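Keep in mind that what you see is a predicted model, and the values were worked out from it rather than measured.
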Amino acid sequence: VQLQASGGGLVQAGGSVRLACAASGFSLGYYAIGWFRQAPGKEREGVSCISSRGTSTYYADSVKGRFTISRDNAKKTVYLQMNSLKPEDTAVYYCAAPNERHWVPPVVLDSTEYHYWGQGTLVTVSS
């Protein structure tokens with residue numbers, strides 16, 4: 001099972017970035033996918049989650065209205081569109097999946113509920 005996050009880079013404040021989470025050896029369409037981030041010296045925090053069929057989405061208050069999560073199960077990819085970026089959005093972003101099909105954790109953005117993790121992608125927002 002592999003999840004791979006990509007799309008990070010350096011962007012100016014106010015700019016946009018789209019991250020992608022691709023899956024291999026893994027039927028991504030069966031699983032909810034969460035996005036998490038970890039800034040230097042800080043704990044990992046949940047950013048967003050999308051249900052397996054894409055019918056439900058969830059966002060941390062800090063990104064609500066600026067970030068949009070979506071998925072294309074035919075392409076085995078989940079996206080995180082990040083707009084109006086702020087320097088405090090600077091972090092390594094990870095995608096993750098729980099260990100149960102068609103299930104969204106009751107505490108949606110609790111990282112301990114997620115079993116499969118991809119390598120992260122760094123997003124740096126300059127002021």
side-chain hydrogen bond (donor to acceptor under 3.5 Å, both in side chains) contacts in which one or both residues fall within residues 92-102, not counting sequence neighbours: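 Checked against side-chain hydrogen bond (donor to acceptor under 3.5 Å, both in side chains) - neighbours excluded - the pairs reaching residues 92-102 are R37-Y93, S52-H102, N99-Y116.
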Within the side chain of [X], is there an N or O that forms a donor-acceptor pair under 3.5 Å with the backbone of [Y]?
| X | Y | result |
| --- | --- | --- |
| T55 | R53 | no |
| T124 | L10 | no |
| Y58 | V104 | no |

Look up atom [atom1] in [X] and atom [atom2] in [Y], then write down how far apart they are to the nearest 0.5 Å.
| X | Y | atom1 | atom2 | answer |
| --- | --- | --- | --- | --- |
| K64 | T57 | NZ | OG1 | 9.5 Å |
| R66 | S84 | CZ | OG | 7.0 Å |
| S51 | W103 | OG | CH2 | 13.5 Å |
| T90 | K42 | OG1 | NZ | 10.0 Å |

Measure across [X] and [Y] and return the closest heavy-atom pair with its distance rounded to 0.1 Å.
| X | Y | value |
| --- | --- | --- |
| P98 | A32 | CD-O, 3.1 Å |
| S62 | E45 | OG-OE1, 4.5 Å |
| A91 | L122 | O-CD1, 3.5 Å |
| L3 | A97 | CD1-N, 3.9 Å |
| T121 | G8 | OG1-N, 3.0 Å |
| D72 | Y79 | CB-CE1, 4.2 Å |

Please tell me if the side chains of [X] and [Y] come closer than 4.5 Å, counting only heavy atoms from C-beta onward.
| X | Y | answer |
| --- | --- | --- |
| T77 | R71 | no |
| Q4 | Q119 | yes |
| V78 | I50 | yes |
| S111 | E43 | no |
| F36 | C95 | no |
| L85 | V17 | yes |

Qualifying disulfide (SG to SG under 2.5 Å) pairs, either residue in residues 98-127, two or more places apart: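 Found none.
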Side chain to side chain contact (heavy atoms under 4.5 Å, CB included) between V123 and V125, worked out: CA-CA 7 Å; V123 175; V125 184; 4.1 Å; yes
Connected via hydrophobic side-chain network under 4.5 Å: Y114 and I69: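 Different clusters: Y114 never reaches I69 through Ile, Leu, Val, Met, Phe, Trp or Tyr contacts under 4.5 Å.
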W35 ring center within less than 6.0 Å of F67 ring center: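 Ring centres of W35 and F67 not closer than 6.0 Å.
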Could you go through residues 19-31 and list every donor-acceptor pair under 3.5 Å that involves a side-chain atom there, pairing it with any protein atom two or more places apart or in another chain?
from : atom 1 : to : atom 2 : distance (Å)
S24  : OG     : Q2 : OE1    : 3.4

Candidate pair S48 and L80, rule side chain to side chain contact (heavy atoms under 4.5 Å, CB included), full reasoning: CA-CA 8 Å; S48 184; L80 185 68; 4.1 Å; yes
Ion pair K86/D89, N-O distance below 4.0 Å: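 Judged by the 4.0 Å cut-off on N to carboxylate O distance, K86 and D89 do not form a salt bridge.
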Check: N83/S16 side-chain N/O donor and acceptor closer than 3.5 Å: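 Yes, because at least one side-chain N or O of N83 sits under 3.5 Å from a partner of the opposite role on S16.
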